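Every number for a ligand or one of its atoms is a count from 1 in the order of the listing. Since we're looking at a predicted model, the values are computed, not measured.
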Amino acid sequence: MTTYDIALIGFGGVNRTLAQLIHDRGSSFVDELGFGLRVVAITDLRLGSLVKEDGIDLSVALRLGSGSETFADHGGSATPDNEHVIRNCSADIVCEATFTNPDDGEPAVSHVRWALESGKSVCTTNKGPVALRGPELTALAVRNGVHFEFEGAVMSGTPVIRLARKMFEGLKLDGFEGILNGTSNYVLGRMETGMELGKAITEAQELGYAEANPAADIEGFDVQLKVLILANELLGAGITLADVTRRGISELSAKEVKNAALAGRRWKLVGSAKRNPDGTVTAGVEPVALPLDHGLAGVSGATNAVSFATDLLGPVTVSGPGAGRLETAYALLSDIIAIHAAKAGVAAHA
Ligand SMILES: NC(=O)c1ccc[n+]([C@@H]2O[C@H](COP(=O)([O-])OP(=O)(O)OC[C@H]3O[C@@H](n4cnc5c(N)ncnc54)[C@H](O)[C@@H]3O)[C@@H](O)[C@H]2O)c1
Ligand SMILES: N[C@@H](CCO)C(=O)O
């Protein structure tokens, strides 16, 4: 029976929920998915680091976080020791779910690089490494015979990247437009009811949607990274973050948002990219007051949706959860499933 040993880098909402899934359903994975999962290392800024080659007792790890206990109280260290843990633990797969840093993607870029260099595959929901160093890290994975998967970096557990890659073969993608941030979409919906921006943001934080610094959601930095990922990964745009224009929603008042809804329009934060006749790609993020009959106007709450412009089918829209601890933990599980399938494929052709 195949068992994958997992290292969890960052033990917050997403990786903690993945650990809960493994704890609760791990025994059914073997029958359902053809493999078992065992967590052999966890690091976190607040909890430190814990490494157990025969598997960490997740019922113990999952109880930590609210009190003063750290991994140091359970045979581990009070510090994350990320490079040592990532390079030396026995994990087959590293799940990187630390804070997204939109400036340079660090330290997550280093976490991913250390894992790939030490022959470990990586699954990540962290947009930084994917948006800012994606091609370089993918090439490093190939050179080391491992996998770099990042389905959860865009639209959480909604499999937009793998779907476009596998199901759009033969189609020419000329662009996309979408609602790619659950927090801002949830906030705009609450503002339509008259709720002030600050209170709506607090609600999104309590629901586990928001970034550590919610300005990333509200000012469009999160969508800017996601537009860059989709443009480069799916349109082959070859652009950089500086090429993606950005405006957020903090410029909108609750009154403007509410009045627009009364006038038959809905404010949405829209990320888009369009291939120009000369082959270059123009990309950006901006708030738009959409007419109610627009395909994206009805996308509410933390739901995301992206409509791809294709040559043979016209617009094709993918919609689903764009944020949420469980939804995003599933994205990491879907990455592990993809790695297992790739390994099985290789074995089948060996
Ligand atoms: N929550 C969602 O809905 C969602 C959806 C898609 C993608 N993401 C992305 O997934 C990542 C994790 O999201 P989350 O909701 O779990 O965030 P979170 O803030 O709940 O958890 C992040 C954890 O990482 C830890 N951490 C930060 N820097 C670290 C470091 N250098 N070493 C070790 N641990 C470190 C923090 O202590 C924290 O516990 C983020 O990059 C986020 O943008 C989140
Ligand atoms: N904070 C992000 C999480 C998903 O990337 C959002 O609200 O969409």
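Distances from atom 4 (C) of ligand 2 to the heavy atoms of Ala302, Ser184, Ala204, Gly322 show the closest one on Gly322.
Using a 4.0 Å cut-off between heavy atoms, Thr183 contacts ligand 2 through both its backbone and its side chain.
Within the 3.5 Å criterion, the main-chain N or O of Phe148 finds no donor-acceptor partner in the side chain of Thr138. Proximity of a side-chain donor or acceptor of Thr193 to a complementary backbone N or O of Gly189 within less than 3.5 Å is not detected. A donor-acceptor pair under 3.5 Å is absent between the side-chain atoms of Glu83 and the main chain of Arg87, judged by distance alone. With hydrogens and angles disregarded, a donor-acceptor distance shorter than 3.5 Å links the side chain of Glu151 to the backbone of Val160. Using modelled atom types, one side-chain atom of Thr183 and one backbone atom of Tyr209 make a donor-acceptor pair closer than 3.5 Å.
Taking a cutoff of 4.0 Å between a charged side-chain nitrogen and a carboxylate oxygen, Arg190 and Glu196 do not qualify as a salt bridge. Using a cutoff of 4.0 Å between basic side-chain nitrogens and carboxylate oxygens, Glu233 and Arg165 are scored as salt-bridged. Look at Glu177 and Lys274 and you find no salt bridge, because none of the NZ, NE, NH1 or NH2 atoms lies under 4.0 Å from a carboxylate O.
The list of ring-ring contact (aromatic ring centres under 6.0 Å, His included) pairs with a residue in residues 257-299, not counting sequence neighbours, is empty. The ring-ring contact (aromatic ring centres under 6.0 Å, His included) analysis of residues 38-79, with sequence neighbours excluded, yields no pairs.
Looking from atom 2 (C) of ligand 2 to the surrounding protein, the closest heavy atom is Glu211 OE2, 3.2 Å. The single protein non-hydrogen atom nearest to atom 6 (C) of ligand 2 is Asn181 ND2, 3.3 Å, given as residue, atom name and distance. Looking only at heavy atoms of the protein, atom 8 (O) of ligand 2 is closest to Gly182 N, 2.8 Å.
Of all atoms in ligand 2, listed by their number and element, those nearer than 4.0 Å to a heavy atom of Asp217 are 1 (N), 2 (C), 6 (C), 7 (O). Numbered from 1 in the order shown, with element, the atoms of ligand 2 that lie under 4.0 Å from a heavy atom of Tyr209 read 1 (N), 2 (C), 3 (C), 6 (C), 7 (O).
Taking any N or O of Asn304, backbone or side chain, none lies under 3.5 Å from an N or O belonging to ligand 2. No N or O atom of Ala210 sits closer than 3.5 Å to an N or O atom of ligand 2.
Ordered by chain and residue number, the residues placing a heavy atom less than 4.0 Å from ligand 1 are Gly10, Phe11, Gly12, Gly13, Val14, Thr43, Asp44, Leu45, Arg46, Asn82, Ala97, Thr98, Phe99, Thr100, Pro107, His111, Thr125, Asn126, Lys127, Gly152, Gly208, Glu211, Ala323, Gly324, Thr328.
Residue contacts with ligand 2 include Lys127, since one of its heavy atoms falls under 4.0 Å from the ligand.
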Atom pairs and distances, donor-acceptor, side-chain atoms in residues 4-12, under 3.5 Å, two or more places apart:
unit_1 : atom_1 : unit_2 : atom_2 : d
Tyr4   : OH     : His340 : ND1    : 2.6
Asp5   : OD1    : Arg38  : NE     : 2.8
Asp5   : OD1    : Arg38  : NH2    : 3.3
Asp5   : OD2    : Arg38  : NH2    : 3.0

